[in-house]
Amino acid sequence: MSGSFTWDAIVRIGTIKPYEKALVLTVFHTLDSQKSLPRSPERPAWNTIVCFKDSLRTELVEHLTPGDLVHFQGYVRTGTFTDDADAKRRAVDLVIQRFDLLLKHIDGPTDLRADP
């Protein structure tokens with residue numbers, strides 16, 4: 001089912017971790033309150049997204065820093081692997097295909113705590 005589903009999100013960058021063949025980003029966003037409950041609070045959420053394309057990884061590292069507001073687009077990639085204990089595992093990756101920097105965070109640290 002690789003590439004069967006697409007996704008897009010407007011998020012704040014948490015961390016950026018380069019690896020040999022991938023770039024892993026943690027991102028923070030707020031889930032919308034439920035429309036049926038007028039006073040329901042927004043809920044914070046963290047996700048992990050990944051980039052495999054070398055040229056795009058370079059762009060992400062050069063242009064993004066923690067706290068930046070970014071619009072990402074990509075696809076969902078699924079796969080299976082066998083772990084060290086010889087158990088079959090399934091992996092689901094949110095793969096980045098495109099990004100647009102919406103707001104550069106330049107004035108001090110951003111409070112990205114999970115609890116308000």
Side-chain angles (χ1 to χ4, degrees):
M1 271 211 216
S2 182
S4 297
F5 304 98
T6 60
W7 61 272
D8 72 293
I10 296 176
V11 296
R12 289 221 179 256
I13 302 296
T15 62
I16 302 170
K17 295 181 182 179
Y19 293 93
E20 184 179 344
K21 295 185 179 186
L23 182 70
V24 177
L25 296 93
T26 57
V27 295
F28 173 83
H29 60 97
T30 305
L31 299 174
D32 292 334
S33 57
Q34 295 179 357
K35 304 293 183 217
S36 61
L37 302 172
R39 295 185 184 197
S40 64
E42 293 180 338
R43 298 172 303 172
W46 286 90
N47 288 100
T48 301
I49 57 178
V50 65
C51 181
F52 295 107
K53 188 176 179 183
D54 192 42
S55 59
L56 186 54
R57 291 187 341 228
T58 301
E59 272 191 71
L60 291 165
V61 169
E62 288 177 357
H63 294 98
L64 300 182
T65 57
D68 290 350
L69 185 65
V70 183
H71 177 232
F72 286 110
Q73 294 176 325
Y75 64 93
V76 177
R77 183 182 83 165
T78 61
T80 58
F81 65 96
T82 304
D83 67 11
D84 294 337
D86 210 25
K88 192 171 183 178
R89 302 282 182 184
R90 182 179 170 133
V92 177
D93 294 316
L94 297 176
V95 180
I96 302 166
Q97 287 184 300
R98 180 171 189 255
F99 79 100
D100 294 303
L101 178 59
L102 302 176
L103 182 65
K104 188 74 178 159
H105 180 75
I106 57 173
D107 56 354
T110 299
D111 186 3
L112 296 176
R113 290 176 295 150
D115 34 356

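Start at 1 with the first residue, then count along the sequence.
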Are any of the side-chain heavy atoms of [X] and [Y] separated by less than 4.5 Å?
{"X": "Val76", "Y": "Leu94", "result": "yes"}
{"X": "Phe99", "Y": "His71", "result": "no"}
{"X": "Ile49", "Y": "Trp7", "result": "yes"}
{"X": "Val70", "Y": "Asp100", "result": "no"}

Looking at every heavy atom in both [X] and [Y], which two are closest together, and how far apart are they?
{"X": "Leu56", "Y": "Arg98", "value": "CD2-N, 4.2 Å"}
{"X": "Ile16", "Y": "Pro18", "value": "O-CD, 3.7 Å"}
{"X": "Asp8", "Y": "Gln73", "value": "CB-CG, 3.7 Å"}
{"X": "Phe52", "Y": "Arg77", "value": "CZ-NH2, 3.2 Å"}

Residue pair Thr15, Thr26: steps toward the side chain to side chain donor-acceptor pair (under 3.5 Å) verdict: CA-CA 5 Å; Thr15 62; Thr26 57; 2.6 Å; yes
Start with the C-alpha distance between Asp93 and Tyr75, add both sets of side-chain angles, then the distance that settles side chain to side chain contact (heavy atoms under 4.5 Å, CB included), and finish with yes or no. CA-CA 8 Å; Asp93 294 316; Tyr75 64 93; over 6 Å; no
Any donor-acceptor N/O pair, [X] side chain to [Y] backbone, under 3.5 Å:
{"X": "Trp46", "Y": "Phe28", "value": "no"}
{"X": "Asp68", "Y": "His105", "value": "yes"}
{"X": "Lys104", "Y": "Gly67", "value": "no"}

Residue among Arg89, Arg90, Lys88 satisfying salt bridge (Lys or Arg N to Asp or Glu O under 4.0 Å) with Asp83: Arg89
Run the side chain to side chain contact (heavy atoms under 4.5 Å, CB included) check on Asn47 and Val11 step by step: do they pass? CA-CA 9 Å; Asn47 288 100; Val11 296; over 6 Å; no
Which residue pairs pass the salt bridge (Lys or Arg N to Asp or Glu O under 4.0 Å) test when at least one of the two sits in residues 46-63, sequence neighbours left out? Asp54-Arg57
Going by side-chain heavy atoms closer than 4.5 Å, which hydrophobic residues are tied to Phe81, directly or by a chain of links? none
Looking at Leu23, Val95, Leu25, which one forms a side-chain contact (heavy atoms from CB on, under 4.5 Å) with Val50? Val95
Quick one: list whatever passes side-chain contact (heavy atoms from CB on, under 4.5 Å) with Leu69, sequence neighbours left out. Ile10, Arg12, Leu102, Leu103
